[in-house]
> 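One structure, as structure tokens, below. Some questions next.
Letters A, B, ... mirror the listed sequences (proteins, then strands); counts begin at 1.
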There are 2 protein chains.
Amino acid sequence: MPTSTFFNLPLDKRNKIIDLAIGEFEHLPYDKASVNRIVKESGIAKGSFYQYFEDKKDLYRYVIHLIVEEKLKYLSPLLSDPDSHGFFAVIEELFKSGIQFAREHPRYVDIARIHLADTASPLYREMVKEHLPRNQEIFRHLIDLGIRRGEIREDVDVDFLAHLITDMNYSVVDYTKKMGGDILDDQLMNLVGRLLKYLKEGIGVPRVTI
Amino acid sequence: MPTSTFFNLPLDKRNKIIDLAIGEFEHLPYDKASVNRIVKESGIAKGSFYQYFEDKKDLYRYVIHLIVEEKLKYLSPLLSDPDSHGFFAVIEELFKSGIQFAREHPRYVDIARIHLADTASPLYREMVKEHLPRNQEIFRHLIDLGIRRGEIREDVDVDFLAHLITDMNYSVVDYTKKMGGDILDDQLMNLVGRLLKYLKEGIGVPRVTI
DNA sequence: TCGGAATGTGACCTGTCAGTCATATTCATA
DNA sequence: TATGAATATGACTGACAGGTCACATTCCGA
């Protein structure tokens with residue numbers, strides 16, 4: 001966490017520093033991001049930086065913290081009561097809110113992607129590996145519930161399916177990023193609807209049962 | 001490409017250098033991998049290295065080249081005649097051969113994953129972005145064919161589905177890596193079978209049609 | 001207005017990196 | 001064995017990194 005000195009700074013200055021930090025981590029993995037550059041661009045002295053943050057890691061953690069906080073705002077209404085709706089409805093909402101987050105905070109998503117991909121960094125183990133299992137834990141719970149409710153076939157491999165749905169979530173967000181800005185919001189939501197249909201009913205031509 | 005000097009080297013020495021390079025790129029993205037380390041560990045002089053390779057990029061490209069070459073060995077029987085079997089059969093074989101490759105060359109897969117994740121490196125655009133579209137081109141072709149043959153519903157979004165299946169491929173390989181060595185080959189193949197069943201028929205409980 | 005605490009500053013330290021080059025060694029051929 | 005070509009070598013360069021610290025400036029309560 002940044003020092004109290006940092007939080008005493010005028011809001012402008014604070015925002016400028018964080019904004020430049022985000023700009024740095026948005027394009028470069030932790031190790032290639034440069035404190036020197038952030039400092040130079042923000043016009044503050046190197047020594048000042050190290051009075052605001054303990055070290056580079058401290059700044060990075062703080063940025064990730066801001067991202068996670070923001071993301072939780074999107075998810076919390078869902079996660080507060082995940083059992084109140086059907087499995088496919090909850091998954092659909094999760095995916096949609098993920099896309100919404102990505103559209104409204106594209107820089108955050110870029111940082112998160114780089115962060116999650118940078119398994120080489122010692123920060124990866126430290127920050128990701130401990131939080132990611134919870135993510136899949138939620139999916140596993142939802143799947144279990146879905147099976148008990150008779151929404152999902154009984155013979156699915158719960159672990160594997162949880163893994164798969166997690167990745168599908170990333171995949172659909174990536175796809176919308178790849179498509180870029182020239183895709184409308186309702187098209188996006190249609191996309192999620194389609195994905196859920198694939199997941200629920202498959203893409204094969206249904207067998208005719210008489 | 002390495003120089004002729006490199007290829008004139010005794011095989012032992014050549015293998016040692018490449019092996020250490022693989023060991024380096026296996027854990028670190030391009031920019032963090034160190035020529036100095038490779039040189040030190042392999043016991044050759046720095047100057048010698050630069051008589052074997054034009055620069056660091058040259059070595060990296062060569063390693064990636066070796067990986068792609070090896071991977072093609074697994075895929076070529078499939079890709080030589082992708083239209084001869086049904087859509088789901090071809091996809092199943094593609095996934096299975098991918099898993100097989102990952103099991104037999106885990107280090108290669110690690111390097112490839114790091115390479116594909118390192119979008120910050122200038123090498124990414126240069127090496128990946130030009131080859132990746134072909135990958136999805138193949139899937140798109142297969143899907144088109146599947147629709148025409150009546151194996152796949154007509155109303156699927158071909159682009160999105162191609163994207164999704166590409167990611168599913170990564171996902172299943174990742175899952176097997178996550179499970180580690182304590183998973184048997186036939187279990188793996190069952191896994192792919194299950195995945196394909198999800199894809200084809202969905203995970204929802206089938207509607208009863210009378 | 002004074003004095004101590006808080007904040008600001010940038011030259012400097014150590015380390016690592018990719019890449020170079022003058023020089024030494026080895027090798028093949030005549 | 002003599003000679004030129006091929007190969008080996010590691011000290012060196014310049015760039016950049018994160019982090020430090022002695023000193024300068026500002027701020028604020030008494």
> Which pairs pass salt bridge (charged side-chain N to carboxylate O under 4.0 Å, His left out) with one or both residues in residues 19-28 of chain B, sequence neighbours excluded?
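The answer is B:Asp19-B:Arg107, B:Glu24-B:Arg37, B:Glu26-B:Arg107.
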
> What pairs with B:Asp31 under side chain to side chain contact (heavy atoms under 4.5 Å, CB included), at least two apart in sequence or on another chain?
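Counting only residues at least two positions away or on another chain, B:Asp31 forms a side chain to side chain contact (heavy atoms under 4.5 Å, CB included) with A:Lys32, B:Asp118, B:Ser121.
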
> Sequence neighbours excluded and cut-off under 3.5 Å, please list the side-chain donor-acceptor pairs for residues 3-11 of chain B, or say none.
residue	atom	partner	partner atom	Å
B:Thr3	OG1	B:Thr5	N	3.4
B:Thr3	OG1	B:Phe6	N	3.4
B:Thr3	OG1	B:Gln51	O	2.7
B:Thr3	OG1	B:Tyr52	O	3.3
B:Asn8	ND2	B:Ser4	O	3.3

> If you take any heavy atom closer than 4.0 Å to DNA chain C, which residues from residues 52-62 of chain B end up in contact?
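Those residues are B:Asp55, B:Lys56.
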
> Please work out which residues in residues 18-45 of chain A have a non-hydrogen atom less than 4.0 Å from an atom of DNA chain D and list them by number.
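Contacts with DNA chain D under 4.0 Å: A:Ala33, A:Ser34, A:Val35, A:Asn36, A:Arg37.
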
> Would you tell me if any nitrogen or oxygen in the side chain of A:Thr5 comes within less than 4.0 Å of OP1 or OP2 on C:dT7?
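Answer yes for this pair, as a side-chain N or O of A:Thr5 is under 4.0 Å from OP1 or OP2.
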
> Using side-chain hydrogen bond (donor to acceptor under 3.5 Å, both in side chains) as the criterion, list what pairs up with B:Asp83, not counting sequence neighbours.
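Scan of B:Asp83 (side-chain hydrogen bond (donor to acceptor under 3.5 Å, both in side chains), adjacent residues dropped) gives B:His141.
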
> Can you give the dot-bracket line for DNA chain C, where a pair is Watson-Crick or G-U wobble with both atom distances under 3.5 Å, crossing pairs use [ ], and | marks a partner on another strand?
||||||||||||||||||||||||||||||

> Residues in salt bridge (charged side-chain N to carboxylate O under 4.0 Å, His left out) with A:Asp144, at least two apart?
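None.
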
> Just the atom pairs and distances: protein N or O near nucleotides 24-27 of chain C's N or O, under 3.5 Å.
none

> Measuring from the side chain of B:Tyr50 (C-beta onward, heavy atoms only), which nucleotide among C:dG8, C:dT20, D:dG18 has the closest atom?
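Closest nucleotide among those given: C:dT20.
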
> Applying side-chain contact (heavy atoms from CB on, under 4.5 Å) between B:Phe25 and each of B:Ile114, B:Leu59, B:Leu20, report the one that passes.
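The residue from B:Ile114, B:Leu59, B:Leu20 that satisfies side-chain contact (heavy atoms from CB on, under 4.5 Å) with B:Phe25 turns out to be B:Leu59.
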
> Can you tell me if NZ on A:Lys200 sees more than 12 non-hydrogen neighbours from other groups inside 6.0 Å?
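No.
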
> Test of understanding: with salt bridge (charged side-chain N to carboxylate O under 4.0 Å, His left out), list the residues that count as partners of A:Lys177, not counting sequence neighbours.
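By the salt bridge (charged side-chain N to carboxylate O under 4.0 Å, His left out) rule, A:Lys177 matches A:Asp110.
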
> I would like to know whether A:Tyr124 and A:His115 meet side chain to side chain donor-acceptor pair (under 3.5 Å); could you show each step before the answer?
CA-CA 7 Å; A:Tyr124 178 81; A:His115 177 70; over 6 Å; no

> Rounded to the nearest 0.5 Å, how far does CD1 of A:Ile67 lie from NE2 of A:His65?
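The distance works out to 11.0 Å.
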
> Which residues pass the ring pair (Phe, Tyr, Trp, His ring centres under 6.0 Å) test with A:Phe160, not counting sequence neighbours?
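Applying ring pair (Phe, Tyr, Trp, His ring centres under 6.0 Å) to A:Phe160 gives B:Tyr175.
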
> Write down the distance between CG (B:Asn8) and P (C:dA28), rounded to a whole number of angstrom.
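After rounding, the reported distance stands at 11 Å.
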
> Taking only residues at least two apart or on different chains, which pairs with a member in residues 88-113 of chain A satisfy ring-ring contact (aromatic ring centres under 6.0 Å, His included)?
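Output for this query lists A:Tyr74-A:Phe101, A:Tyr74-A:His105, A:Phe101-A:His105, A:His105-A:Tyr108.
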
> Nearest-Å distance, CD (A:Gln51) to C1' (D:dC23)?
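Taking atom C1' of D:dC23 as the reference, CD of A:Gln51 is at 13 Å.
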
> How long is the line joining CZ of B:Phe49 and C1' of C:dA18, in whole Å?
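To the nearest whole Å, that distance equals 10 Å.
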
> Quick check on C:dG8: is either OP1 or OP2 less than 4.0 Å from any side-chain nitrogen or oxygen of A:Lys13?
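A:Lys13 to C:dG8 OP1/OP2: side-chain N or O found under 4.0 Å.
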
> Check the distance between D:dA8's P and B:Ile17's CD1 and give it to me in whole angstrom.
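Checked: the CD1 to P distance equals 9 Å.
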
> Give the rounded distance in Å between these two atoms: NZ of A:Lys46 and P of D:dA22.
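Answer to the nearest Å: 17 Å.
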
> Of A:Asp167, A:Ile99, A:Leu188, which is the lone residue that meets side-chain contact (heavy atoms from CB on, under 4.5 Å) with A:Val172?
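The passing option is A:Ile99.
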
